[in-house]
Amino acid sequence: MVHRFSSHDAMKPGLLKAAMAVLVLAGLGSCTQQGVPVAPGIDPAPRTGPLERRTQEPLPARKADVAYIFVGGFAEPVLLQFREIYEQLPLLPCEGMQLRAYYAWESGTGNLIFHSTWKLQRDLRAFLALNPAADVVLVGHSYGGSAIMDALRGVADVPHTGKVLVVTVDPVSRRERSKPRERAPQVDFWINSYCYPYRNVRDVAARIGGPWRECPQADVNLRFSALARDDDGKRYAHVYPRSLLMEQPIGQEKSAYQHLLDACQKLGIGKLIE
């Protein structure tokens with residue numbers, strides 16, 4: 001098998017607190033993990049301390065050919081599962097300079113009531129001002145999936161001639177905003193992987209928030225059944241983003257990650273090496 005515009009729409013505080021409590025209790029076992037071997041060549045190098053891993057890794061305003069951005073979900077500061085994907089995935093096999101970044105779904109503001117991606121927008125603006133022809137690859141899980149589209153809509157006015165590739169891993173957004181599941185105007189290719197129906201009790205936040213599931217505007221939709229099991233023997237679930245990104249659903253020949261690599265080649269991301 002081959003190897004995430006500003007908004008101020010609120011979720012009901014009571015439901016939000018209940019969901020957070022369930023997820024914190026479920027994820028306490030992850031709080032002591034020290035991290036995993038980091039893929040070589042990542043720039044900037046991810047911080048590895050137990051507390052530092054819970055911070056963002058902002059996109060630097062430096063010259064580069066590709067920005068490779070990961071955006072985690074609601075419980076990411078506790079579970080750190082998408083953080084591990086960010087740390088472990090190798091560089092895209094392309095020429096030129098790659099910069100990698102990691103964000104929380106609300107851009108690290110710590111605001112659980114209002115959803116804002118202004119920090120990610122700010123950093124994208126600064127990066128694109130220096131690199132208007134650079135390619136941008138964004139991968140988001142859960143609320144990070146909708147945050148990617150929100151952030152791209154927020155910087156749609158920035159001059160940019162490079163390609164934009166998006167991967168959403170079981171994307172979720174505020175329930176009243178889930179139905180449109182709208183594609184940002186700059187997106188050249190969109191891969192959407194999702195789990196349906198949910199069977200894991202820890203998927204409560206996704207149920208409350210509003211899962212996107214199949215997205216008609218996506219170029220690729222991959223559905224995982226929670227009745228099936230992943231390579232580790234666990235049922236597919238929202239809280240296991242690695243399986244939804246790296247494995248093939250039953251009846252499919254490629255994973256979302258394999259589709260990502262194919263799309264990079266098709267779009268010529270960073271002059272991809274054959």
Should [X] and [Y] count as side-chain neighbours, where that means a heavy-atom distance under 4.5 Å?
X: L80; Y: R53; result: yes
X: L261; Y: P93; result: yes
X: V172; Y: H238; result: yes
X: V38; Y: T48; result: yes
X: V220; Y: N192; result: no
X: H259; Y: L222; result: yes
X: V167; Y: L138; result: no

Inset, instruction - Please lay out, stage by stage, how D219 and R183 fare under the test salt bridge (Lys or Arg N to Asp or Glu O under 4.0 Å). - result: CA-CA 10 Å; D219 297 283; R183 178 183 184 130; 2.9 Å; yes

Distance from [X] atom [atom1] to [Y] atom [atom2], nearest 0.5 Å?
X: R54; Y: R83; atom1: CZ; atom2: CZ; value: 10.0 Å
X: S255; Y: I191; atom1: OG; atom2: CD1; value: 9.0 Å
X: M246; Y: D231; atom1: CE; atom2: CG; value: 10.5 Å
X: W118; Y: D123; atom1: CH2; atom2: CG; value: 8.5 Å
X: R235; Y: C195; atom1: CZ; atom2: SG; value: 11.0 Å
X: S193; Y: R223; atom1: OG; atom2: CZ; value: 12.0 Å

When the side chains of residues 155-166 are checked against the rest of the protein, which donor-acceptor pairs come out under 3.5 Å, sequence neighbours left out?
unit_1, atom_1, unit_2, atom_2, d
D157, OD1, R125, NH2, 2.7
D157, OD2, R125, NH2, 3.4
H160, NE2, A134, O, 2.6
H160, NE2, G162, N, 3.4
T161, OG1, P132, O, 3.4

Legend entry - Pairs flagged by ring pair (Phe, Tyr, Trp, His ring centres under 6.0 Å) wherever residues 216-236 is involved - sequence neighbours left out: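 Listed once each, the pairs are F224-Y236.
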
Legend entry - Which residues share a side-chain contact (heavy atoms from CB on, under 4.5 Å) with A237, sequence neighbours left out: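 Testing A237 for side-chain contact (heavy atoms from CB on, under 4.5 Å), a comparison that skips the adjacent residues, returns N200, D203, V239, Y240.
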
Legend entry - side-chain contact (heavy atoms from CB on, under 4.5 Å) involving A64 - partner list, sequence neighbours excluded: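 Per chain and number, A64 pairs via side-chain contact (heavy atoms from CB on, under 4.5 Å) with M97, L99, F127.
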
Inset, instruction - Could you list who else is in L51's hydrophobic cluster, with ILVMFWY side chains joined at under 4.5 Å, directly or through other members? - result: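 Under the 4.5 Å side-chain rule, L51 groups with nothing.
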
Inset, instruction - Each residue besides Y196 in its hydrophobic cluster should be listed here, by chain and number; the cluster joins Ile, Leu, Val, Met, Phe, Trp and Tyr at side-chain heavy-atom distances under 4.5 Å. - result: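 ILVMFWY cluster around Y196 also holds Y194.
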
Legend entry - Set of salt bridge (Lys or Arg N to Asp or Glu O under 4.0 Å) partners for R199, sequence neighbours left out: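 With neighbours one apart ignored, the set is empty.
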
Inset, instruction - Could I get the full list of salt bridge (Lys or Arg N to Asp or Glu O under 4.0 Å) partners for D230, not counting sequence neighbours? - result: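 D230 satisfies salt bridge (Lys or Arg N to Asp or Glu O under 4.0 Å) with K234 once adjacent residues are dropped.
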
Legend entry - Pairs meeting criterion salt bridge (charged side-chain N to carboxylate O under 4.0 Å, His left out) with involvement of residues 42-51, two or more places apart: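 Found D43-R62, R47-E57.
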
Inset, instruction - Name all pairs fulfilling the salt bridge (charged side-chain N to carboxylate O under 4.0 Å, His left out) condition that reach into residues 250-264, sequence neighbours left out, sorted by first residue then second. - result: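 As it turns out, the salt bridge (charged side-chain N to carboxylate O under 4.0 Å, His left out) pairs with a partner in residues 250-264, which skip direct neighbours, are K254-D262.
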
Legend entry - L130 CG: over 12 foreign heavy atoms closer than 6.0 Å: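 More than 12 heavy atoms, drawn from other residues, nucleotides or ligands, come within 6.0 Å of this atom.
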
Legend entry - Option among I42, L260, L245, V139 that satisfies the side-chain contact (heavy atoms from CB on, under 4.5 Å) test with L89: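 The side-chain contact (heavy atoms from CB on, under 4.5 Å) with L89 is passed solely by L245 among I42, L260, L245, V139.
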
Inset, instruction - Walk me through it: do L59 and I69 pass the test side-chain contact (heavy atoms from CB on, under 4.5 Å)? - result: CA-CA 8 Å; L59 179 67; I69 302 169; 4.0 Å; yes

Legend entry - Residues forming a ring-ring contact (aromatic ring centres under 6.0 Å, His included) with Y68, sequence neighbours excluded: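 Y68 satisfies ring-ring contact (aromatic ring centres under 6.0 Å, His included) with F70 only.
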
Inset, instruction - Quick one: list whatever passes ring-ring contact (aromatic ring centres under 6.0 Å, His included) with Y102, sequence neighbours left out. - result: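 Y102 satisfies ring-ring contact (aromatic ring centres under 6.0 Å, His included) with Y86 only.
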
Legend entry - Test item: D135 side-chain N/O and V66 main-chain N/O as donor-acceptor pair under 3.5 Å: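 The answer is no, because no donor-acceptor pair under 3.5 Å joins these two groups.
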
Legend entry - Distance-only donor-acceptor check, side chains W212 and S173, under 3.5 Å: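 Short answer, yes.
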
Inset, instruction - Give a yes-or-no answer on whether the side chains of Q186 and R153 include a donor-acceptor pair shorter than 3.5 Å. - result: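 Per modelled atom types, Q186 and R153 side chains form no pair under 3.5 Å.
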
Inset, instruction - Quick one: sort the W105 and F74 rings into parallel, tilted or perpendicular, breaks at 30° and 60°. - result: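 Tilted: the ring planes of W105 and F74 meet at 30° to 60°.
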
